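All remarks here apply to the structure that follows.
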Number of protein chains: 2
Amino acid sequence: MSFAISAIPARTRNQASRGRAASARDQAAPLSSHDLATLRQAPLLSALSPDAFDRLAASFYLIDVPREAPIFNQGDPSDTLHIILSGRVALSGSTPDRRACILEVFGPREGLLDPSALVGAPHPISARAIEPSRLACLPYADLRAVIEAENGVCRGAVAQLVQHWRLFLRRLEDQKLRSAPQRLASYLVECAEAIGTPPRSPAAPIRFVLAEDRRTLASHLGMTPENLSRVIGQLRSCGVQLNGRAVAISDLAALRQFGCAASGH
Amino acid sequence: MSFAISAIPARTRNQASRGRAASARDQAAPLSSHDLATLRQAPLLSALSPDAFDRLAASFYLIDVPREAPIFNQGDPSDTLHIILSGRVALSGSTPDRRACILEVFGPREGLLDPSALVGAPHPISARAIEPSRLACLPYADLRAVIEAENGVCRGAVAQLVQHWRLFLRRLEDQKLRSAPQRLASYLVECAEAIGTPPRSPAAPIRFVLAEDRRTLASHLGMTPENLSRVIGQLRSCGVQLNGRAVAISDLAALRQFGCAASGH
DNA sequence: GGGGAATATTGACTTGGATCAAACCCTGGA
DNA sequence: TCCAGGGTTTGATCCAAGTCAATATTCCCC
């Protein structure tokens with residue numbers, strides 16, 4: 001399978017990184033009035049009062065990136081908010097085994113608001129320009145300070161949406177670049193970790209009970225109940241027992257490895 | 001294909017609807033202190049000051065729903081926010097041809113914060129309890145009033161996240177219950193509508209230029225470049241011409257129908 | 001405890017889409 | 001003009017997962 005983005009040719013990649021490095025340092029520039037007007041229309045900032053907007057806008061700086069330039073990579077600390085003024089940026093996820101897929105493509109006025117950044121976690125995804133783009137940048141520290149000063153419902157809504165965002169991201173990646181057995185494996189690992197109670201002795205299997213019936217679980221994991229049955233059979237050889245809703249996992253590490261769930265979200 | 005949730009047996013469904021109707025009307029009740037404590041921990045409300053929380057909490061009411069009860073259905077106006085106090089609720093999406101899949105399952109303290117509700121759109125998805133559940137409910141009107149009074153960055157972040165949420169939702173549905181040709185078709189329809197300029201005469205084809213190269217588009221749509229090529233060939237018989245990045249669509253309605261994109265988001 | 005319905009498993013078959021490989025463009029440089 | 005090298009298309013083949021159909025199981029209600 002794997003409709004992967006195959007490796008970017010070395011020359012392009014070098015160009016790109018050089019382009020990026022140059023941008024961040026040398027091309028950093030204050031925003032023109034035209035750019036400011038575009039920025040004002042970004043959904044992220046459009047609710048702000050003129051005063052608050054001006055205060056925040058002063059902290060933005062500008063970078064231009066060439067085609068194929070990486071904006072950030074999976075695993076990087078998320079220190080900067082980017083809002084696209086022109087061009088287009090693709091967000092992609094990848095599994096530890098180097099296969100990647102594009103999750104979404106964003107255009108002007110959309111923010112690469114990686115929600116994980118709002119809670120201080122590293123980027124769970126990568127972003128790269130798919131055409132020459134101009135980005136307005138803001139250190140997340142500035143943004144977070146503003147956010148933490150707010151105590152309304154919206155802040156809660158953001159927290160909630162960030163959680164959902166990460167879940168959906170995860171499911172989309174699962175669906176696009178993992179096989180059915182891998183999806184089941186990583187789901188079981190997820191459940192086991194959510195339970196949080198390690199077995200009494202290290203050698204004893206982890207046991208818990210599924211919240212969902214078979215049909216629901218199958219649909220949740222994006223497969224038919226028939227196929228789920230077969231997949232359960234396959235995982236038995238990895239030390240997973242699944243009878244009814246009762247689960248027993250004898251080697252969690254092996255299962256995690258099998259599900260390629262190591263990418264950190 | 002279609003790892004669909006097959007039709008719920010009639011008896012169960014009746015039970016369920018009766019249960020629901022009964023809940024909303026008769027079982028509506030103020031929250032106990034235990035329920036209030038749970039509610040307080042919901043991410044959506046945890047940032048609120050004690051005062052603001054109390055004000056909002058007073059508007060919440062309680063419903064208990066049995067297993068399999070629908071909470072809301074795709075297309076319903078979104079008038080009520082639900083926060084799960086106990087139990088579990090599955091969110092599912094469906095295409096017009098009645099096939100459905102579960103997108104995510106949520107548990108206690110998580111809000112069924114359908115982001116579309118925040119902007120007043122009808123539910124793009126359905127929710128049903130997969131085990132007996134207790135929900136705290138709040139009319140969205142109350143919530144929206146509070147939100148509109150806030151003018152900070154968080155409100156913008158919510159707006160932004162809602163957009164992303166809907167995109168991801170859409171992609172996940174695409175991936176789970178549409179075929180490759182359908183995904184391409186509905187993507188093209190999406191592009192055509194985003195352009196917004198109808199052709200001069202009704203009979204003339206709609207023309208535009210793709211933003212992405214073939215490889216990027218293929219990954220975005222969750223298929224290999226090879227398969228994308230073949231799929232483009234298939235769509236030619238639906239009146240779609242695609243040369244390089246140039247697109248010409250002669251029958252948008254037919255294409256939309258083919259892509260099953262009619263579900264309203 | 002004994003039907004009976006719903007659910008879960010198993011098996012045979014089909015198919016969508018991935019993979020591998022070859023042929024066919026384009027586009028840019030000598 | 002020709003050639004080289006990337007990207008796109010086409011073809012042949014394979015495999016994961018869906019479909020259909022037949023059992024086996026579980027669970028529930030009488």
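Just so it is clear: chains get the letters A, B, ... in the order the sequence lines come, proteins before strands, and each one is counted from 1. Not measured: the values here are computed from a predicted model.
Put simply, CZ on B:Arg67 is 13 Å from C1' on D:dC28, counting in whole angstrom units. Protein atom CD of B:Gln175 is 14 Å distant from nucleotide atom C1' of C:dA18, rounded to whole Å. Rounding to whole angstrom units, CZ of residue B:Arg245 and C1' of D:dG7 are separated by 12 Å. Rounded to an integer number of Å, the gap from A:Met223 CE to C:dT9 C1' is 16 Å. Atom P of nucleotide D:dA16 and atom CG of A:Leu221 are separated by 18 Å, given to the nearest angstrom.
Comparing C:dA18, D:dG18, D:dA17 by their closest approach to the side chain of B:Thr224 singles out C:dA18.
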Checklist entry - Could you go step by step and tell me if A:Glu190 and A:Arg183 meet the salt bridge (charged side-chain N to carboxylate O under 4.0 Å, His left out) rule? => result CA-CA 10 Å; A:Glu190 208 177 307; A:Arg183 289 201 296 275; over 6 Å; no
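Scored by the side-chain hydrogen bond (donor to acceptor under 3.5 Å, both in side chains) test, B:Gln234 finds no partners at all (sequence neighbours excluded). Under the side-chain hydrogen bond (donor to acceptor under 3.5 Å, both in side chains) criterion, A:Glu131 pairs with no residue at all, not counting sequence neighbours.
Side-chain contact check for B:Ser186 and B:Arg170: at least one donor-acceptor pair (N or O, by modelled atom type) lies under 3.5 Å. Defined by atom type and a distance below 3.5 Å, a donor-acceptor pair is present between the side-chain atoms of B:Thr216 and B:Asp213.
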With 3.5 Å as the limit, what N/O pairs link the protein to nucleotides 8-13 of chain D?
{"residue": "D:dT9", "atom": "OP1", "partner": "B:Arg214", "partner atom": "NH2", "Å": "2.6"}
{"residue": "D:dT9", "atom": "OP2", "partner": "B:Arg214", "partner atom": "NE", "Å": "3.1"}
{"residue": "D:dT9", "atom": "OP2", "partner": "B:Arg214", "partner atom": "NH2", "Å": "3.3"}
{"residue": "D:dT9", "atom": "OP2", "partner": "B:Ser229", "partner atom": "OG", "Å": "2.5"}
{"residue": "D:dT9", "atom": "O5'", "partner": "B:Ser229", "partner atom": "OG", "Å": "3.1"}
{"residue": "D:dG11", "atom": "N7", "partner": "B:Arg230", "partner atom": "NH1", "Å": "3.0"}
{"residue": "D:dG11", "atom": "O6", "partner": "B:Arg230", "partner atom": "NH2", "Å": "3.3"}
{"residue": "D:dA12", "atom": "N6", "partner": "B:Arg230", "partner atom": "NH2", "Å": "3.4"}

Could I get a table of every N or O pair under 3.5 Å where one atom is in the protein and the other is in nucleotides 25-28 of chain C?
none

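Within the structure, no pair that satisfies the ring-ring contact (aromatic ring centres under 6.0 Å, His included) test touches residues 221-250 of chain B, not counting sequence neighbours. The list of side chain to side chain donor-acceptor pair (under 3.5 Å) pairs with a residue in residues 240-253 of chain A, not counting sequence neighbours, is empty.
Taking the six-membered ring wherever Trp is involved, the centroid distance between the rings of B:Phe168 and A:His164 does not fall below 6.0 Å.
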